[in-house]
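Here the structure is a predicted model, which means the values were calculated and not measured.
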Amino acid sequence: MTDTTPKKSILSNLTIQILIAMLCGAVLGIVIHNNYLPEEAKSFSDKIKMLATIFIRLVQMIIAPLVFTTLVVGIAKLGDIKAVGRIGGKSLAWFFSASLVSLLIGLFWVNTLKPGVGLKLGNIDLSTAAEVTDKTEGFSAQNFVEHIIPKSIVEAMAGNEILQIVIFSIFFGLAAAAVGAAAKPVINALDKTAHIILKMVNYVMKFAPIGVFGAIAGVFAIKDVNDLLVTYAKFFSSFLVGIASLWVFLLVIGYIFLRGNMTVLLKRIVSPLIIAFGTTSSEAVFPKLTEELERFGIKDKIVSFMLPLGYSFNLDGSMMYMTFASIFIAQVYNVPLTTETQMVMLLVLMLTSKGIAGVPRASLVVVAATCGMFKIPIEGIALILPIDHFCDMFRSATNVLGNALATAVVGKFEKDS
């Protein structure tokens with residue numbers, strides 16, 4: 001697998017623009033925070049964040065048609081259900097293995113560093129957790145099954161329910177492959193539509209620096225970063241140790257399978273990583289990541305099949321955070337959890353986390369639901385809300401790395417087979 005496009009510097013123009021936008025946004029936000037009253041800073045934050053909202057909505061506008069068209073075309077090109085089953089089996093084996101390792105890394109570091117033991121956080125408004133805990137109602141296996149099967153593809157597309165779109169697209173693609181030559185006009189039309197949508201991606205990505213600028217400025221305007229980092233120093237530093245460990249694991253595994261191409265892959269995904277970091281949204285880079293992975297040399301039918309599945313089943317950064325945050329809250333409230341209980345919690349997280357892709361603050365929703373199941377005070381979510389945005393920046397970037405790596409490795413397997 002080689003990159004046949006002209007060589008560029010490691011940092012593309014878009015990447016440099018985004019880095020500059022992040023710096024300018026942070027400086028502006030800090031200036032506003034330090035020189036204006038809290039209510040004025042909040043008003044500024046709400047307005048400047050509209051830039052990020054516009055960018056993310058522009059991306060969301062093209063995700064559903066992109067997933068549908070590329071996945072249907074990819075499956076139709078695979079040609080038969082055996083090929084779909086083979087690639088699907090490899091991808092799910094990777095996803096669940098990566099999820100398990102991510103959960104175990106979070107479990108190991110939260111038990112080793114014990115960031116919640118003896119921690120006393122004053123002035124925490126427990127009512128702030130209501131926004132998250134309210135979403136845990138009906139959180140069950142039945143809810144998960146009902147969630148993955150679309151009752152209407154139109155409704156699924158309107159809500160950007162990626163997993164539901166994937167299910168419909170798989171059936172549509174397999175049916176098209178079974179019909180044969182008669183379906184070729186439809187597949188050709190969808191193929192051309194996919195290329196048009198990918199062209200739209202280039203237009204949307206030009207707005208990325210502005211969106212990142214708005215997101216960063218809005219956060220720094222209302223949060224005293226110095227106070228937060230002092231108050232949550234142990235929690236945040238322990239979390240960063242866990243994320244760094246996960247990155248090391250992913251990069252080592254990537255090098256084992258991809259060898260020298262691992263460096264090429266990292267160069268390709270620098271911009272998506274930074275966008276995800278700045279906007280705290282891995283969804284925001286889905287179209288750009290699709291484009292970059294195809295340029296890396298992975299067949300479009302593999303990319304179009306793997307990425308949508310990955311966004312539902314392979315959120316490595318979020319998985320690591322779920323065990324870390326759940327047990328952190330238990331430590332703060334002195335709730336004893338035996339090793340056996342923690343293993344059960346890990347399995348619960350492994351299963352329940354697969355049903356909430358696309359839910360805002362999905363990681364916190366799962367953490368809240370898990371706390372409720374294991375008699376950990378669910379309002380403890382309020383303890384981590386003040387620092388969650390900064391944790392989410394690292395989670396989102398890690399999710400992008402994990403999905404890029406999974407797609408590249410499965411693409412290599414398919415190329416070699």
Practice task
With Arg259 as the cation and Tyr255 as the aromatic partner, state whether NZ or CZ is under 6.0 Å from the six-membered ring centre and within 45° of the axis.
Solution key: yes

Handout entry: Pairs flagged by ring-ring contact (aromatic ring centres under 6.0 Å, His included) wherever residues 266-293 is involved - sequence neighbours left out
Key = Phe277-Phe394, Phe286-Tyr311

Practice task
Can you establish whether the number of heavy atoms outside Met50 located under 6.0 Å from its atom CE is more than 12?
Solution key: no

Problem - Sub-4.5 Å side-chain heavy-atom contact between Met345 and Thr370 - result: yes

Completion exercise
Across all chains, not counting sequence neighbours, the side chain to side chain contact (heavy atoms under 4.5 Å, CB included) partners of Ile54 are Leu58, Phe207

Handout entry: Check: Tyr232 side chain, Ile384 main-chain N or O, donor-acceptor pair, under 3.5 Å
Key = no

Problem - Pairwise side-chain contact, Met393 with Val219, heavy-atom cut-off 4.5 Å (strictly under) - result: no

Exercise for the section: Indicate yes or no: does Lys42 engage Glu39 in a salt bridge with an N to O separation below 4.0 Å. Expected result: no

Exercise for the section: Keeping the roles fixed (side chain from Thr70, backbone from Ser304), state whether a donor-acceptor pair exists under 3.5 Å. Expected result: no

Problem - Distance (rounded to the nearest 0.5 Å) between Phe257 CZ and Lys412 NZ - result: 8.5 Å

Exercise for the section: Indicate yes or no for a side-chain donor-acceptor contact from Asn403 to the backbone of Leu307 under 3.5 Å, with no hydrogens or angles considered. Expected result: no

Handout entry: Heavy atoms of other groups near Lys234 NZ, more than 12 under 6.0 Å
Key = yes

Exercise for the section: Quick one: closest heavy-atom pair of Ala217 and Leu28, and the distance? Expected result: CB-CD2, 4.5 Å

What donor-acceptor contacts under 3.5 angstrom involve side-chain atoms of residues 100-109, with partners at least two apart or in another chain?
from   : atom 1 : to     : atom 2 : distance (Å)
Ser102 : OG     : Ala98  : O      : 2.8
Trp109 : NE1    : Ser245 : OG     : 2.9

Handout entry: Closest non-hydrogen atom pair between Ala64 and Ile165, with its separation
Key = CB-CD1, 3.7 Å

Practice task
Quick one: do Leu266 and Leu251 satisfy side chain to side chain contact (heavy atoms under 4.5 Å, CB included)? Show the steps, please.
Solution key: CA-CA 9 Å; Leu266 290 175; Leu251 293 176; 4.0 Å; yes

Problem - Pro287 vs Ile197 side-chain heavy atoms within contact, under 4.5 Å - result: no

Problem - Contact check, side chains of Leu23 and Leu19, non-hydrogen atoms, under 4.5 Å - result: no

Handout entry: Backbone N/O of Val201 and side chain of Lys288: donor-acceptor pair under 3.5 Å
Key = no

Handout entry: Flag side-chain contact, heavy atom, 4.5 Å: Phe374 against Val344
Key = yes

Practice task
Go through the side-chain N and O atoms of Ser282 and Ser396 and say whether any donor and acceptor fall under 3.5 Å apart.
Solution key: no

Practice task
Answer yes or no: is there a side-chain heavy-atom contact under 4.5 Å between Ile275 and Val400?
Solution key: no

Handout entry: Side-chain donor/acceptor of Ser91 to backbone N/O of Gly88, under 3.5 Å
Key = yes

Fill in the blank from the handout: Heavy atoms of Val367 and Ala325 approach each other most closely as CG2-CB, 4.1 Å

Handout entry: Nearest non-hydrogen partners of Asn334 and Pro336, listed with the distance
Key = O-CD, 3.3 Å

Problem - Pair Thr263-Lys267, side-chain donor/acceptor within less than 3.5 Å - result: no

Problem - Asn35 (side chain) donor-acceptor with Val31 (main chain) under 3.5 angstrom - result: yes

Exercise for the section: Report yes if some heavy atom in the side chain of Val166 is under 4.5 Å from a heavy atom in the side chain of Phe313; otherwise report no. Expected result: no

Handout entry: Minimum heavy-atom distance Ala21-Pro209, with the two atoms named
Key = CB-O, 3.1 Å

Completion exercise
Heavy-atom nearest pair, Gly278 first then Val212, reads CA-CG1, 4.1 Å

Handout entry: Ring-face cation contact, Tyr321 with Arg395, 6.0 Å cut, 45° max
Key = yes

Exercise for the section: Report the C-alpha separation of Leu364 and Leu385 in whole Å, then their side-chain angles, then the decisive distance to 0.1 Å, and conclude whether the side chain to side chain contact (heavy atoms under 4.5 Å, CB included) test is met. Expected result: CA-CA 9 Å; Leu364 290 179; Leu385 279 176; 3.5 Å; yes

Handout entry: Backbone N/O of Val303 and side chain of Glu294: donor-acceptor pair under 3.5 Å
Key = no

Problem - Exam field: side chain Gln60 to backbone Glu283, donor-acceptor pair closer than 3.5 Å - result: no

Exercise for the section: For Thr53 and Lys49, indicate whether the former's side chain and the latter's backbone hold a donor-acceptor pair under 3.5 Å. Expected result: yes

Practice task
Determine yes or no for a side-chain-to-main-chain donor-acceptor pair under 3.5 angstrom, with Asp316 supplying the side chain and Asn399 the backbone.
Solution key: no

Problem - Side-chain touch Asn111/Gln342, heavy atoms, less than 4.5 angstrom - result: yes

